[in-house]
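Working notes for the structure below.
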Amino acid sequence: MKSIADIKAIKEKMQSEIIMRDNKDSDEIRVVVGMATCGISAGARPVYNTLVDEVLKRNLTNVKISRTGCLGMCKLEPIVEVYAPNQEKVTYCHVNPEKAVNIVVNHLVNGNVCTDYLVGTEE
Amino acid sequence: MRELSLNVLDIAENSFKAKAKTVEVSIIQSGNVLTISIKDDGVGMDEEFLKRVVDPFTTTRTTRKVGMGIPLFKMVAEQSGGTFDITSEVGVGTTVTATFMIDNVDRPPLGDIADTIVSMIGNLGDSELIFNFQAFGESFTLDTNEVKRELENIPINTPEILVFLRDMINENIKTNCRGVSL
């Protein structure tokens with residue numbers, strides 16, 4: 001069974017990569033998931049966890065995933081915002097785990113906005 | 001909310017917003033009773049606000065006038081034959097405790113508690129989280145103080161660590177529960 005002690009091994013493996021990450025601040029992409037009561041009840045938690053899984057799977061060291069509160073568009077939750085350098089903020093709505101995978105692959109990896117999931121399109 | 005663990009995620013968010021240094025989430029099964037408590041050392045609430053806090057039209061937000069988190073949690077506890085209690089003191093902190101009758105048909109399943117804890121750890125900031133899970137006489141505790149000490153300079157919210165912690169929580173809970181899902 002896994003325990004805290006196993007973290008040592010992960011730490012040693014990661015130590016070298018960390019230095020690389022610190023130097024790449026300029027191309028950091030921030031992904032924000034709305035996780036207030038409305039977001040959570042609409043399914044934001046599996047979306048958040050899927051994003052974490054996908055970002056790890058594809059080793060996207062420049063991506064930071066974080067959470068925020070209610071954005072005032074509760075009926076469009078789960079909402080995911082992407083802040084990429086030199087790009088306007090992109091807001092995705094009604095995101096589910098499947099869409100979250102597509103957002104990682106198309107937007108975060110290849111730079112193509114998933115236009116089908118945008119706030120304006122979905123509404 | 002389809003799972004009690006979603007309520008936990010929602011309620012605990014209030015603790016972090018209240019600038020808590022340490023948030024303690026404990027889930028305890030004892031016989032037919034499931035007790036969930038979320039305790040923090042945040043700013044706390046005064047008596048007057050505490051009285052209004054179970055009202056859906058009470059919130060600290062200034063942009064909108066509704067706050068559903070606490071009322072929903074109270075409702076789900078009471079509808080499943082349990083109890084709800086919230087105590088708070090300014091400058092000391094707040095404790096929310098809810099109990100549930102495990103065999104009540106109206107009780108939602110506990111659900112994916114590992115997902116909940118990991119979602120919280122992903123956004124910890126400078127706060128700490130202590131998670132305690134007790135079922136069938138076994139106990140499992142995860143303390144982010146300990147994890148951070150092991151990690152030293154590596155942030156706890158890096159995906160590698162989050163996925164590891166999620167697996168660790170899942171394994172321990174599954175073992176404690178002996179295959180029964182609460």
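Chain letters run A, B, ... following the sequence lines, proteins first, then strands; residues in each count from 1. Small disclaimer: the values here were computed from a predicted structure and weren't measured.
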Please look at [X] and chain A and tell me whether the side chain, the backbone, both or neither of the residue comes under 4.5 angstrom of a heavy atom of that chain.
X	answer
B:Thr175	side chain
B:Leu162	side chain
B:Leu72	side chain
B:Arg166	side chain

For [X] against [Y], the heavy-atom pair lying closest together:
X	Y	result
B:Asp115	A:Pro46	OD2-CA, 4.4 Å
A:Asn49	B:Ser119	ND2-OG, 3.1 Å
A:Leu56	B:Pro159	CB-CB, 3.8 Å

Considering only heavy atoms and a distance below 4.5 Å, find which of A:Val33, A:Val63, A:Ile65, A:Asp6 pairs most often with chain B.
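Most heavy-atom pairs under 4.5 Å with chain B: A:Asp6.
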Which value, rounded to the nearest 0.5 Å, describes the distance between [X] atom [atom1] and [Y] atom [atom2]?
X	Y	atom1	atom2	result
B:Thr141	A:Ile4	OG1	CD1	10.0 Å
B:Leu151	A:Ile10	CG	CD1	8.0 Å
B:Phe16	A:Arg67	CZ	CZ	7.5 Å
A:Lys11	B:Thr158	NZ	OG1	12.5 Å
B:Leu9	A:Tyr48	CG	OH	10.0 Å
B:Met68	A:Cys74	CE	SG	10.0 Å

For the backbone of B:Asp112 and the side chain of A:Arg45, can you confirm whether one donor and one acceptor N or O come within less than 3.5 Å of each other?
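A pair under 3.5 Å: yes.
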Examine distances only and state if a side-chain atom of B:Glu171 and a backbone atom of A:Lys2 form a donor-acceptor pair shorter than 3.5 Å.
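Checking the backbone N and O of A:Lys2 against the side chain of B:Glu171, a donor-acceptor pair under 3.5 Å is found.
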Please determine if B:Glu160 and A:Lys13 form a salt bridge, counting it only when a charged side-chain N lies under 4.0 Å from a carboxylate O.
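No, no charged N to carboxylate O under 4.0 Å.
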Are [Y] and [X] connected in a single hydrophobic cluster, I mean Ile/Leu/Val/Met/Phe/Trp/Tyr linked by side-chain heavy atoms less than 4.5 Å apart?
X	Y	answer
A:Val104	A:Val32	no
A:Val47	A:Leu60	yes
B:Ile130	B:Ile36	no
B:Val163	B:Val147	yes
A:Val101	A:Tyr92	no

Please tell me if the side chains of B:Met168 and A:Ile7 come closer than 4.5 Å, counting only heavy atoms from C-beta onward.
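No; the side chains remain at least 4.5 Å from each other.
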Could you walk me through whether B:Glu13 and A:Ile40 pass side-chain contact (heavy atoms from CB on, under 4.5 Å), step by step?
CA-CA 11 Å; B:Glu13 185 59 25; A:Ile40 292 169; 5.9 Å; no
What part of A:Ala42 gets closer than 4.5 Å to chain B, counting heavy atoms only: side chain, backbone, both or neither?
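A:Ala42 has no heavy atom closer than 4.5 Å to chain B.
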Is there a side-chain contact (heavy atoms from CB on, under 4.5 Å) between B:Val118 and A:Val52? Walk through the geometry before answering.
CA-CA 10 Å; B:Val118 164; A:Val52 171; 5.7 Å; no
Picking from B:Ile11, B:Thr116, B:Asn157, which has the most non-hydrogen pairs under 4.5 angstrom with chain A?
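Result: the option with the highest number of such pairs is B:Thr116.
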B:Arg52 atom CZ: more than 12 heavy-atom contacts under 6.0 Å:
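Buried by this count: over 12 neighbours within 6.0 Å.
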